[in-house]
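Below is one structure, written out as structure tokens, with a few remarks after it.
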Amino acid sequence: MTPSPEVHVFPDAAALAEAAAQRFIALATAAVAARGRFSVALSGGATPGALYRLLAAEPFRARAPWAQLHLFWADERCVPPDDPGSNYRLVAETLLAGAPIPPENVHRMRGEWEPECAARDYECALRAFFGVEAPRFDLVLLGLGTDGHTASLFPGAETLAETARWVVPAVAEYENRPAWRLTLTLPVLNAARNVIFLVRGADKAAIVRVALGDTAARLPAQRVRPAAGQVTWLLDAEAGNALPSIG
Ligand code: 6PG
């Protein structure tokens, strides 16, 4: 049976980032003890930078098994890696700048390439790392858009119907961000051992309520339900303030 999502609400954005960092370290430590490595797919956007900065600073920096950590991306915007819109750049500036991750453990999507080539290339990279089975990430860190998108899986997009490919190009207009994207697909997200949705801010409260309470809505974020993995929602009080139990 698919485990039920866990939901945790924290008083503010700082407490949210701190709790996410604690979970990241706990999952990393457990994965390394069990399998000798920790594979994680990261997201972009405005929310996760605080977490990445915390991880790269003490006390978390000393606790993470950096040499066994393998960084991937859940999605990328189709821009060069030094572009302000690049999800790689976000991680480079906030996490890689301060954490001793071996460069060969950093597996970025080629946002600067033609999207179809970049998607095929990343699928090859995933196959090289995980083998031929659907990649089983130890952790996929996701955000939530105000329209219910997650990674670069947008409502109504044909990418949601993908059953075979692991990485696909996507195109969507959202908040003046680069429209062309690359994204992991649902078969990959739903093979993960752990998925954390990290969501903050009052503008997310309404969509969080739908995502967690309206099973008929079928938002992209609701379709991330690994059959053999745990989904955890970490929210700040503003994002959680329309949930029935606390609102
Ligand atoms: C991206 C993301 C995307 C993001 C959501 C939430 O590249 O834009 O990976 O899925 O997580 O849009 O973004 P915010 O954290 O900015 O609200």
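Atoms within each ligand, like the ligands themselves, are counted from 1 in listed order.
Salt-bridge annotation for E112 and R108: present, with a side-chain N of the basic residue lying under 4.0 Å from a carboxylate O of the acidic one. Ion pairing between K204 and D236 fails under the 4.0 Å rule for side-chain N and carboxylate O. Salt-bridge check for R23 with E6: passed, with a basic side-chain N closer than 4.0 Å to an acidic carboxylate O. A salt bridge is defined here as a Lys NZ or Arg NE, NH1 or NH2 lying under 4.0 Å from an Asp or Glu carboxylate O, and R53 with E18 fails to meet this definition.
On a distance-only criterion, A151 and ligand 1 share at least one N/O pair closer than 3.5 Å. When only interatomic distances are considered, the shortest N/O to N/O separation between G44 and ligand 1 falls below 3.5 Å. Residue A46 places at least one N or O, backbone or side chain, under 3.5 Å from an N or O of ligand 1. Geometrically, ligand 1 and S152 share no nitrogen or oxygen pair separated by less than 3.5 Å. An N or O contact shorter than 3.5 Å links R77 to ligand 1 by distance.
A side-chain donor from one of S39 and D138 sits under 3.5 Å from a side-chain acceptor of the other. With hydrogens and angles left out, the side-chain atoms of D75 and T183 include no donor and acceptor closer than 3.5 Å.
The protein heavy-atom contact nearest to atom 9 (O) of ligand 1 is D75 OD1, 2.6 Å. Atom 12 (O) of ligand 1 has H149 NE2, 2.7 Å as its closest protein atom, hydrogens excluded (heavy atom only). Shortest contact from atom 11 (O) of ligand 1 to any protein heavy atom: G143 CA, 3.4 Å.
Residues G45 and R77 share a closest heavy-atom pair of N-NH2, 3.9 Å.
Residues satisfying the ring pair (Phe, Tyr, Trp, His ring centres under 6.0 Å) criterion with Y174, sequence neighbours excluded, are H149.
Within the 4.0 Å heavy-atom criterion, the part of L144 lying near ligand 1 is the backbone and not the side chain. Residue-level proximity to ligand 1 for T47 is carried by backbone and side chain together, each with a heavy atom below 4.0 angstrom. Counting heavy atoms under 4.0 Å from ligand 1, residue R177 touches it through the side chain alone.
Residues F197 and V224 are in side-chain contact: their nearest non-hydrogen atoms beyond the backbone lie under 4.5 Å apart.
Note on ligand 1: K204 sits in its first shell, one or more heavy atoms being nearer than 4.0 Å. Residue contacts with ligand 1 include R181, since one or more of its heavy atoms lies under 4.0 Å from the ligand.
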